[in-house]
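Accompanying notes for the structure given below.
Hydrogens, waters and symmetry mates play no part in the numbers below; they use all other heavy atoms, side chains included. By convention in this document, chain letters (A, B, ...) are assigned in the order of the sequence lines, proteins followed by strands, and residues within each chain are numbered from 1.
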2 protein chains.
Amino acid sequence: MATIRDVAALAGVSISTVSRVLNKSGYVNAETEKEVLKAIQTLKYEPSDVARGLTNKKTKTIALILPDIVNPFFPALSRAVEDVARTLGYTVIFGNSDGQANKEKAYINILKQKYISGIIFASHNLNRDDVEYLQKIDIPFVVLDRAPSRENCTVIRSKNFEGAKIAVQHLLDIGCKKIAHIYGPQEINTAKDRLMGYEESVKNSNWYSPTLMVPGNFKLDGGMNAARVLMERHPDVDGIFVGNDLMAVGALKTLLRLGINVPKQIAICGFDGINLTEAVEPELTTIAQPIYEMGALAAELLIMKIEGSRVENRIYELEVKLVQRDSTRK
Amino acid sequence: MATIRDVAALAGVSISTVSRVLNKSGYVNAETEKEVLKAIQTLKYEPSDVARGLTNKKTKTIALILPDIVNPFFPALSRAVEDVARTLGYTVIFGNSDGQANKEKAYINILKQKYISGIIFASHNLNRDDVEYLQKIDIPFVVLDRAPSRENCTVIRSKNFEGAKIAVQHLLDIGCKKIAHIYGPQEINTAKDRLMGYEESVKNSNWYSPTLMVPGNFKLDGGMNAARVLMERHPDVDGIFVGNDLMAVGALKTLLRLGINVPKQIAICGFDGINLTEAVEPELTTIAQPIYEMGALAAELLIMKIEGSRVENRIYELEVKLVQRDSTRK
DNA sequence: CTGAAAGCGCTAACAC
DNA sequence: GTGTTAGCGCTTTCAG
């Protein structure tokens with residue numbers, strides 16, 4: 001593979017001139033530039049990102065750390081990140097943390113050794129120490145959903161609280177008289193916000209009872225189990241707002257197995273907007289987050305940071321949207 | 001961040017000695033080694049992968065190029081690759097090619113500039129030229145499902161042809177009298193092999209007709225449409241072997257919407273073994289590929305190649321397994 | 001067993 | 001405008 005030296009030799013200039021045309025930095029005579037470009041062409045020269053990295057401490061690669069790519073929320077997000085990264089000339093390393101602080105910390109270290117340009121953390125476990133560390137070693141980062149502090153992080157999320165209220169209102173609108181909620185792990189902010197949105201919406205209803213709120217694990221089986229519990233406690237429920245789509249699918253399974261008609265007897269509304277909601281029958285109504293946009297924005301903001309644009313350290317909160325489907329069409 | 005020089009200084013040795021203990025290469029006095037290790041400890045020194053890359057032309061990072069991470073087959077595969085890569089000290093870059101040869105070629109180039117250690121191509125579009133190019137620039141690679149030539153590629157796949165026969169046999173075993181097949185794009189090897197397996201299994205049956213084979217696109221809507229076509233052509237079909245799970249889920253949707261009971265009236269068997277088969281109701285019987293194992297094996301073989309072990313350039317063909325669920329339990 | 005020195009391929013002062 | 005040179009942090013001969 002040709003190096004910058006080969007190009008310089010062929011073009012009859014010095015390597016710094018070549019470097020200048022490569023980086024469009026400093027002045028270069030139009031003629032010489034042409035020569036250099038020609039030499040680059042004929043040698044099919046491509047600068048080595050690694051050598052550049054060594055000098056710049058930046059590698060045009062970003063990392064995406066997420067809990068588990070197998071969780072159906074993340075593929076779409078990853079796709080968005082990769083799409084915009086590639087467009088902007090970046091490459092993306094991905095890592096699964098399983099939500100474990102130590103795995104995530106280990107990744108930060110590895111990535112540092114690789115002079116990673118920046119990191120996107122998705123619904124993870126970042127704590128104050130990590131944030132300080134990242135700041136200390138000067139690695140730009142962006143956080144999805146969760147952040148230990150609002151002040152010094154750029155965080156992207158969608159309107160979970162409002163979305164929950166929209167969900168409940170929708171169920172009321174279609175005529176539900178007693179609405180339950182299956183919520184996710186309360187260590188997870190999104191799960192908490194959605195639960196709060198539900199509570200605030202229903203607490204003054206005469207049918208309200210705390211036992212209408214059943215915990216789940218944000219996974220399929222959690223939704224299945226929660227629905228079973230709920231049916232035992234409150235057989236008269238006629239609407240369920242489920243904290244995420246995966247559990248909503250689980251709940252749907254349980255209801256179908258119990259011979260309950262969805263939506264006629266019980267309507268279901270999920271949250272997230274993953275593709276899975278369209279794979280099941282009946283298709284699930286959901287409060288859709290703009291998943292792709294969230295990923296794209298994360299990548300854009302991160303790369304802006306990397307390239308020196310000032311990016312506000314604040315929460316970017318995106319809108320959610322009610323997507324009605326058969327599970328709430330009585 | 002401390003460099004190798006800092007360590008050398010603190011330990012009172014030369015940098016080459018430090019390098020030796022770092023790489024366990026060459027002889028180092030036990031005493032000096034201890035000193036060096038201590039210095040490394042107190043300085044929290046971590047060698048720079050980038051600097052190493054510059055000298056070694058290897059970066060301890062591999063790439064995974066796949067069509068689209070959003071396709072539910074790939075998350076599990078990716079997870080496996082990342083798991084074993086991490087365990088073996090590698091990091092993974094992922095890229096979506098959308099099955100487009102040019103995107104894939106572009107990635108190869110970018111990765112080359114990054115001194116990528118090796119590449120895994122999943123069900124992609126690699127052609128002879130690409131293979132030659134990769135060999136020329138000496139980047140180890142492994143291919144999943146498809147390869148332009150058997151001789152000079154390490155390819156991993158599962159028994160598609162045999163799996164298809166198992167599927168048909170299973171449908172016969174549970175009493176199906178007329179079995180249709182929805183097949184995937186014939187440019188894709190796996191789709192072709194599965195179709196051939198079906199044909200070979202049924203071509204001598206008295207009920208056989210070529211019109212029982214309906215094309216699909218390996219996606220949800222393809223399965224939905226194909227099932228509709230099929231029901232018009234052959235309302236008396238009582239078993240469908242679908243070329244992949246995603247289409248099988250689509251077919252199931254169509255049948256449920258038509259008020260057809262699955263499995264009583266029509267049994268369905270898919271292929272792949274993705275999680276989605278357990279999310280729908282009834283759950284789908286499928287010919288499960290060992291998806292995780294395939295990814296893990298790909299990563300292992302690739303890293304063996306990278307690290308200089310001889311790895312046979314041949315096809316590693318893994319077993320598939322019938323997983324019976326309610327969609328074929330009459 | 002250990003150190004000196006020459007790169008790996010590139011960027012960025014600093015001269016000319 | 002363009003060339004020289006000194007690194008970036010590490011590995012690896014080659015002496016000693």
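For the pair Leu22(A) and Ala30(B), both in contact range of DNA chain C, the more 5′-proximal nearest nucleotide belongs to Ala30(B). If Arg20(B) and Tyr45(B) are placed on DNA chain D by their nearest nucleotide, the residue sitting closer to the 5' end is Tyr45(B). Residues Val13(B) and Ser19(A) each lie close to DNA chain C; by heavy-atom proximity, the contact nearer the 5' end of the strand is made by Val13(B).
Rounded to whole angstrom, the span from the CD1 atom of Ile15(B) across to the P atom of dG7(C) amounts to 15 Å. Rounded to whole angstrom, the span from the NZ atom of Lys24(A) across to the C1' atom of dA12(C) amounts to 18 Å. Residue Lys58(A) contributes atom NZ, which lies 15 Å from atom P of dT11(C) at whole-angstrom precision. With rounding to whole Å, Ile4(B) atom CD1 is found 13 Å from dG3(C) atom C1'. Residue Leu54(B) contributes atom CG, which lies 17 Å from atom P of dA6(C) at whole-angstrom precision. If you take CG of Asp49(A) and C1' of dC8(C), they are 15 Å apart, rounded to a whole angstrom. As rounded to whole Å, 12 Å separates atom P of dC1(C) from atom CD of Glu31(B). One can place CZ of Arg5(A) at 7 Å from P of dC8(C), the figure rounded to the nearest angstrom.
Checked by atom type and distance alone, the side chain of Asn71(A) never pairs as donor or acceptor with a backbone atom of Phe74(A) at under 3.5 Å.
In this model, the phosphate group of dC8(C) is not approached by any side-chain N or O of Asn56(B) to a distance below 4.0 Å at OP1 or OP2. Side-chain N/O atoms of Lys57(A) include none lying less than 4.0 angstrom from OP1 or OP2 on dT11(C). Distances shorter than 4.0 Å separate none of the side-chain N or O atoms of Thr3(A) from OP1 or OP2 on dG9(C). Between Arg52(A) and dT11(C), a side-chain N or O to OP1/OP2 separation shorter than 4.0 Å is present.
Thr59(A) has its side chain out of reach of Lys114(A): every pair of non-hydrogen atoms, C-beta onward, lies at least 4.5 Å apart.
Chain B approaches DNA chain D within less than 4.0 angstrom (heavy atoms of the protein), and the contacting nucleotides run 5' to 3' from dG9(D) to dT12(D).
Residue Thr32(A) is in sugar-phosphate contact alone, with no base atom involved, counting any heavy-atom pair closer than 4.0 Å across all strands shown.
At a cut-off of 3.5 angstrom, the base of dA4(C) holds at least one donor-acceptor pair with the side chain of Ser16(B).
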request  = Kindly determine whether Val155(B) and Val142(B) satisfy side-chain contact (heavy atoms from CB on, under 4.5 Å), including the steps that lead there.
outcome  = CA-CA 6 Å; Val155(B) 5; Val142(B) 163; over 6 Å; no
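In this structure, Ser117(A) has no side-chain hydrogen bond (donor to acceptor under 3.5 Å, both in side chains) partners at least two apart in sequence or on a different chain.
Residue Leu126(A) forms a side-chain contact (heavy atoms from CB on, under 4.5 Å) with just one option from Ile65(A), Ile119(A), Val131(A), and that option is Val131(A).
Annotation: cation-pi geometry satisfied between Lys305(B) and Phe141(B) (NZ/CZ under 6.0 angstrom from ring centroid, within 45° of ring axis). Both tests do not hold together for Arg86(B) against Tyr90(B): distance to the six-membered ring centre under 6.0 Å, angle to the ring axis within 45°.
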